[in-house]
There are 2 protein chains.
Amino acid sequence: MAKQSLAQIFDLDRTLHEPARLMILCVLSAVDEVDFLYLLQETELTRGNLSSHLSKLEEAGMVAIRKSFQGRIPQTIISMTKEGQLSLLAYRRQMQIILKEME
Amino acid sequence: MAKQSLAQIFDLDRTLHEPARLMILCVLSAVDEVDFLYLLQETELTRGNLSSHLSKLEEAGMVAIRKSFQGRIPQTIISMTKEGQLSLLAYRRQMQIILKEME
DNA sequence: GCAAACCAGTTTGTAATGCAAACTGGTTTG
DNA sequence: CAAACCAGTTTGCATTACAAACTGGTTTGC
């Protein structure tokens, strides 16, 4: 493979590059299924922000969102999709290369 | 030091977190003084984008911008400040921690 | 000698974000 | 049965990143 240009190396997936979403996926990569309130507590995001970042991740096909009930209280369960796992892996690799580039 | 929260770990410097600016600093960290046209070529940004990202970096105190002439043609020379070097180092360290966190 | 093309950038306009605050639809408590 | 609470969603706004248009000067063609 020919040497990559800087522009290519730094062309990061913007969905994952947002710290809040990276943080969400980081939690998900460890536990693989969580509810909204657990994420809320782990990430210290506001409910509104967590909700909208999850929507973005869902639209991008990175996470799956399932609604259920805990007794009569609604509950939202979030898990990472296969695509999400692959994208996160790719992002990590790319960022590793960037960090090396800056040494 | 107490264990850092995820929110703290992922609280990245937004000035540096933007890929285009990270790329600019990456070039600067290697050569330490460049002109506008060299950056333009290395980064493959448009002139407008390069100009505005440089302004942001200058406002943030990360780079110093000096105007001179090459014969009668105006020339812009950019270099990284000490603060820029330190901030970039800090960003790299923080991102290393994040990548570890996601392993 | 002056119009057209070129050079080195800067400014402006626009669409897309990220965040906080307000809202929704339901449940529990006093 | 009103007030407080729960689990989220929607809305409004200020900030952005990018592209396109602009600026102020220089060189080229005729």
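It should be emphasised that the depicted structure is a prediction, and the values quoted were computed from it without experimental measurement. Note on naming: letters A, B, ... go to the chains in the order of the sequence lines (proteins, then strands), and numbering restarts at 1 for each one.
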Colleague: Just to confirm, is there a sub-4.0 Å distance from OP1 or OP2 of dT9(D) to any side-chain nitrogen or oxygen of K67(A)?
Modeller: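 Yes, such a contact exists.
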Colleague: May I have the distance from Q70(B) (atom CD) to dC7(C) (atom C1'), rounded to whole angstrom?
Modeller: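 The answer, rounded to whole Å, is 13 Å.
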Colleague: Closest to the H53(B) side chain: dA8(C), dA17(D), dG18(C)?
Modeller: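 Among the listed nucleotides, the one closest to the side chain of H53(B) is dA17(D).
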Colleague: Verify, without hydrogens or angle tests, whether H17(B) (side chain) and H17(A) (backbone) share a donor-acceptor contact under 3.5 angstrom.
Modeller: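 Such a contact is found between H17(B) side chain and H17(A) backbone.
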Colleague: Which nucleotide in the set dT28(C), dT10(C), dA8(C) lies at the smallest distance from any side-chain heavy atom of R72(A)?
Modeller: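 The listed nucleotide nearest to R72(A)'s side chain is dT28(C).
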Colleague: Is any side-chain heavy atom of T76(B) closer than 4.5 Å to one of L37(B)?
Modeller: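 Side chain of L37(B) against side chain of T76(B), heavy atoms only: no contact under 4.5 Å found.
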Colleague: Mark yes when over 12 heavy atoms from residues, nucleotides or ligands other than Q70(B) sit less than 6.0 Å from its CD; otherwise mark no.
Modeller: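 Not buried by this count: 12 neighbours or fewer within 6.0 Å.
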Colleague: Pick out which of L57(B), V63(B), D13(B), L54(B) makes a side-chain contact (heavy atoms from CB on, under 4.5 Å) with R21(B).
Modeller: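 One option only clears the test, and that one is L57(B).
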Colleague: OP1 or OP2 of dA17(D) versus the side-chain N and O atoms of R14(B): is any pair under 4.0 Å?
Modeller: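 R14(B) to dA17(D) OP1/OP2: no side-chain N or O under 4.0 Å.
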Colleague: Tell me the interatomic distance from D11(B), atom CG, to dG18(C), atom P, rounded to whole angstroms.
Modeller: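 So the two atoms are 15 Å apart, to the nearest Å.
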Colleague: For dA20(C), give the paired nucleotide (Watson-Crick: N1-N3 plus N6-O4 or O6-N4; G-U: N1-O2 and O6-N3; both under 3.5 Å), or none.
Modeller: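 Check on dA20(C): paired to dT11(D), both distances under 3.5 Å.
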Colleague: What I'd like to find out is whether the side chain of L40(A) reaches to under 4.5 Å of the side chain of D35(A), using heavy atoms alone.
Modeller: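 L40(A) does not reach D35(A) side chain to side chain.
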Colleague: Using a cut-off of 4.0 Å on non-hydrogen atoms, how would the nucleic acid contact of R47(B) be classed: base, sugar-phosphate, or nothing?
Modeller: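 It contacts base atoms.
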Colleague: Touch check for L37(B), heavy atoms < 4.0 angstrom, all strands: base, sugar-phosphate only, or nothing?
Modeller: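 Contact class for L37(B): sugar-phosphate only.
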Colleague: Would you mind pulling out the nucleotide paired to dA17(D), Watson-Crick or G-U wobble, both distances under 3.5 Å?
Modeller: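 Paired with dT14(C).
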Colleague: If you assign N49(A) and I73(A) each to the DNA chain D nucleotide with the nearest heavy atom, which residue ends up on the more 5' nucleotide?
Modeller: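 The 5'-side residue here is I73(A).
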Colleague: F36(A) CZ to dG26(C) P: how many Å, rounded?
Modeller: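 After rounding, the gap between these two atoms is 18 Å.
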Colleague: Take the protein atom CG of L57(B) and the nucleotide atom P of dG9(C), then report the distance between them rounded to whole Å.
Modeller: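 It works out to 16 Å between those atoms.
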Colleague: Between dC19(C), dA17(D), dG8(D), which one does the side chain of A20(A) approach most closely?
Modeller: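 It is dC19(C).
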Colleague: What is the separation between atom NZ on K56(B) and atom P on dG9(C), rounded to the nearest whole Å?
Modeller: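 Taking NZ of K56(B) and P of dG9(C), I get 19 Å after rounding.
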Colleague: How many Å lie between CG on L40(A) and C1' on dT9(D), as a whole number?
Modeller: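 Going from CG in L40(A) over to C1' in dT9(D) covers 13 Å.
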Colleague: Mind calculating the distance between CG (L45(B)) and P (dC18(D)) to the nearest angstrom?
Modeller: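 Those two atoms, CG and P, are 7 Å apart.
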Colleague: What nucleotide, of dA19(D), dT17(C), dG8(D), holds the atom closest to the side chain of T46(B)?
Modeller: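 For T46(B), the side-chain atoms sit closest to dA19(D).
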Colleague: Whole angstrom is fine here: how far is it from CZ in F10(A) over to C1' in dA17(D)?
Modeller: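 Taking CZ of F10(A) and C1' of dA17(D), I get 17 Å after rounding.
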Colleague: Does dA5(C) have a Watson-Crick or wobble partner in any strand here, with both distances under 3.5 angstrom, and which is it?
Modeller: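 Pairing partner, where one exists within any strand: dT26(D).
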